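Note that the structure is a prediction, hence the values are computed from the model and not measured. Throughout, a chain's letter reflects where its sequence line sits, starting with A, and its residues are numbered from 1.
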2 protein chains.
Amino acid sequence: MDRRQKVTIKDVARKAGCGIATASRVLNKSGPASAEARERVEMAARELGFSFSALGRALQGGRSMTIGCLVPSLANPVFAEAVQGVQETLKGTGYQLLIASSNYDGEADNEAIATLAAKEVDGLIVTMVAPERSAALKQARQRGLPVSLMFHDPIDGFLTAHVDNFEAAREVARQFADRGHRHTAFLALRFSTSDRSRNRYAGFHAECRARDMFDPTLIELDEADANTPELLAAILAAQEGLTAIFASNDFLAIAVQKAARLMGESVPRDLSVVGFDGIEIGRLLDVPLATIETAPDAMGRQAAQTLLDMMQGRPGAQRPPLPFDFRVGATLGRPRTESRDDDQVRPRPPSVHSLKTDLKQG
Amino acid sequence: MDRRQKVTIKDVARKAGCGIATASRVLNKSGPASAEARERVEMAARELGFSFSALGRALQGGRSMTIGCLVPSLANPVFAEAVQGVQETLKGTGYQLLIASSNYDGEADNEAIATLAAKEVDGLIVTMVAPERSAALKQARQRGLPVSLMFHDPIDGFLTAHVDNFEAAREVARQFADRGHRHTAFLALRFSTSDRSRNRYAGFHAECRARDMFDPTLIELDEADANTPELLAAILAAQEGLTAIFASNDFLAIAVQKAARLMGESVPRDLSVVGFDGIEIGRLLDVPLATIETAPDAMGRQAAQTLLDMMQGRPGAQRPPLPFDFRVGATLGRPRTESRDDDQVRPRPPSVHSLKTDLKQG
DNA sequence: ATCACTTGTGGAAACGTTTCCAATTCGACT
DNA sequence: AGTCGAATTGGAAACGTTTCCACAAGTGAT
């Protein structure tokens, strides 16, 4: 019962009464063989239910036809969709995907890369905490492993499929400014483990300055869970004069809406909210979410295509960032108390940076 | 540059001036070695940056330490979360996940299974269109490959991690009945490729009958995309007297809410909606979604654990279904025109089965 | 009948491991 | 000094492929 009996090409050859080499040639159509031999080998293979072992092939051929993929988490639909995009592009190429996830842990990132490399993957598609500082990734590249990045902004020496987070965030600031918002906040999750988030903040911050708005307050959450809205409500209640929030992803943006509801405030009358990513569900909401719409699956497809090119020896250059769209939802409006045209330079209030929410650990 | 120079144990042995066997023993701590030899080998390995090739190991040891996983799509958060759960359970066991997705295509299912088997995975965790009819899966099992199912209701000869779809759907019907609904519909996506969906319909249908409600109308969509709400609105407009809809997943349920809004109807005053799955975002909605709450990650964890048990020779028995919860949201209410207690048996209206929406192909 | 080809064929090496087993060394005991 | 056992050690086989190469057999031309 439990005996895992493998049928090898040796068995086929024996049954067909020929040498291994001949069987291999027939089954791979890779060399000459008499009609009669072909017939016998094919028959034998069919009867035995033979199929090649990718292991033996990989060992001998030096190519495993496997691609390693590392993402922070599949529970985040953005990454899940990207991986799906990778799968689509790989479909039909014969490559399989070995997937690891690090749960946003830089240490786990390194281990995962090492493990994937040990499995002799032919290439790596990666989103990690800090690719530019990963020893394991560096070593993999030194060994000649092609690496393609996803989501990360361009890093020296790497090719990446990305959107211009800085620019996109500036766009959000512009939209806020155009509607008269001056006092805003940037809401992020796990700021320290995401260069994307940091770049969005940087862009948002820069444009706010350029538009003579207050520096945005930085609100950082450690974790998102069921009571995130309550937590947010508490934090927001402590902020005075805030009229608009830019959330680093759509999930957070939706949580902000919920928080506003809990506080008895109305979106966008009392508070404007803009998200990032453009997940499908945002559209379906009662009050459709204003957001930066990106295409994670396209990101995955591009990263995969880049990798395929590298593996075929066509190095390719860094592609321009993928386009994003500002989706005008219904969560963005004018602030209730319009700024009264007193354009004289006012002192900026001290910006509350890194308002860490360690209420839980405390 | 491009030279992929592998450091093998042979290189280590040569540099350490000893035999391969000794090097192997030292590096694996699997046998005796003099302190001096140990020292030299470890030094050599470090200097060369040696790491084992999982390929050679797998070939020799007969175990690849890789597990194959097949799901319909990672773009569906339910499956993505389940895979995440699998990853969590596998973390620390040394097993890696080779992931394939079929895009709900039964043919692709078979190919994927065959490919995974060819890669010599040590076990299979699978959600597919029709496991009971898959030739490839059958063959894999005959070869002694342990197989663990996710999401599927129990099938003879397989172990599966699941929720009781039939019972859960009955619960929905009960909730409808308790509030006085009699004329309901069941909304599904790709009915033909999902036994889960079919079982939910069956349970819903059965309980509707038991409660003397009308047979639920079956509404089936081929695909969900951006204009699903419009499509739904058109379909719903044609249904008379409908007071409640059971959607086969939360995404569809949210689309129904949007459709109702498009039609100028109010949820739950004019139409009650209940979903299935219990995705996190449903909670955050303006009108929190009533739904059957399941735990996809727990499903993944259980499936993985079952597989680990099988691989360790502990066969284990089919576990009971994982619990589900009826989440009382705000999308479920009493129908506007309360059924006037005329309990005489009324003829049921012909139920519109398989109202296929091939508006697009047509 | 010999030669030079073409065609078909199978032995064997190589890929990177692990592990069995025989051989070597060494100290200790008779 | 000679024998014995324990502790180390390394050669070689095996895992399932592919492919190089040499060999056999057949074919047509000289």
Side-chain angles (χ1 to χ4, degrees), chain A residues 3-42 44-45 48-66 94 117-122 143-144, chain B residues 3-42 44-45 48-66 94 117-122 143-144:
Chain A
R3 304 191 48 69
R4 201 174 311 187
Q5 41 171 337
K6 315 211 185 197
V7 181
T8 77
I9 199 170
K10 215 177 285 185
D11 300 320
V12 174
R14 188 172 336 114
K15 176 145 190 166
C18 67
I20 297 177
T22 303
S24 175
R25 275 189 297 257
V26 169
L27 264 13
N28 288 303
K29 306 190 202 321
S30 63
S34 65
E36 196 228 1
R38 212 187 315 274
E39 176 68 26
R40 284 214 316 274
V41 169
E42 269 161 4
L48 262 36
F50 168 80
S51 84
F52 281 109
S53 158
L55 237 45
R57 273 187 163 166
L59 186 56
Q60 130 73 27
R63 298 196 318 160
S64 66
M65 295 308 281
T66 302
K119 293 259 178 176
E120 315 259 284
V121 295
D122 296 330
R143 297 258 172 90
Chain B
R3 302 191 50 67
R4 200 174 310 186
Q5 41 172 338
K6 314 210 185 197
V7 181
T8 78
I9 199 171
K10 214 176 287 185
D11 300 320
V12 175
R14 187 172 335 115
K15 176 145 190 166
C18 69
I20 297 179
T22 303
S24 174
R25 276 188 298 257
V26 170
L27 264 12
N28 288 302
K29 306 190 202 319
S30 63
S34 66
E36 197 228 2
R38 212 188 316 276
E39 176 69 25
R40 285 215 315 274
V41 169
E42 268 161 4
L48 261 37
F50 169 79
S51 85
F52 281 110
S53 158
L55 237 46
R57 272 189 163 165
L59 186 57
Q60 132 73 26
R63 298 197 318 159
S64 66
M65 295 308 282
T66 302
K119 294 258 179 176
E120 315 257 287
V121 295
D122 296 332
R143 298 258 174 90

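- Residues passing the salt bridge (Lys or Arg N to Asp or Glu O under 4.0 Å) test with B:Arg38: none are found, sequence neighbours excluded.
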Output a table of nitrogen or oxygen pairs between the protein and nucleotides 8-11 of chain D separated by less than 3.5 Å.
unit_1	atom_1	unit_2	atom_2	d
D:dT9	OP1	B:Ser34	OG	2.8
D:dT9	OP2	B:Ser34	N	2.8
D:dT9	OP2	B:Ser34	OG	3.3
D:dG10	OP2	B:Gly19	N	2.9
D:dG10	OP2	B:Thr22	OG1	2.9
D:dG10	N7	B:Arg25	NH2	2.9
D:dG10	O6	B:Arg25	NH1	3.0

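- Checked against side-chain contact (heavy atoms from CB on, under 4.5 Å), B:Arg57 has the following partners two or more places apart in sequence or in another chain: B:Asn28, B:Phe52.
- Residue pairs meeting the salt bridge (charged side-chain N to carboxylate O under 4.0 Å, His left out) criterion with at least one member in residues 15-30 of chain A, sequence neighbours excluded, are A:Lys15-A:Glu47.
- Closest-nucleotide positions on DNA chain C for B:Ser30 and B:Gly56 were compared, and the one nearer the 5' end corresponds to B:Gly56.
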Strictly under 3.5 Å: I want the nitrogen or oxygen pairs between protein and nucleotides 26-28 of chain D, one per line.
none

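- Annotation: salt bridge (Lys or Arg N to Asp or Glu O under 4.0 Å) contacts of A:Arg63 (sequence neighbours excluded): none.
- Over its length, the helix from C:dA1-D:dT30 to C:dT30-D:dA1 turns its helix axis by 70°, as judged from the five terminal pairs at each end, rounded to 10°.
- For B:Ala118, there are no side-chain contact (heavy atoms from CB on, under 4.5 Å) partners at least two apart in sequence or on another chain.
- With sequence neighbours excluded, the residues satisfying side-chain hydrogen bond (donor to acceptor under 3.5 Å, both in side chains) with A:Thr66 are B:Lys119.
- For DNA chain C, the contact window with chain A, defined by any atom under 4.0 Å from a protein heavy atom, covers C:dG8 to C:dG16 in 5' to 3' order.
- In terms of the side-chain contact (heavy atoms from CB on, under 4.5 Å) criterion, residue partners of B:Ala58 (sequence neighbours excluded) are, by chain and number, A:Leu55, B:Ser64.
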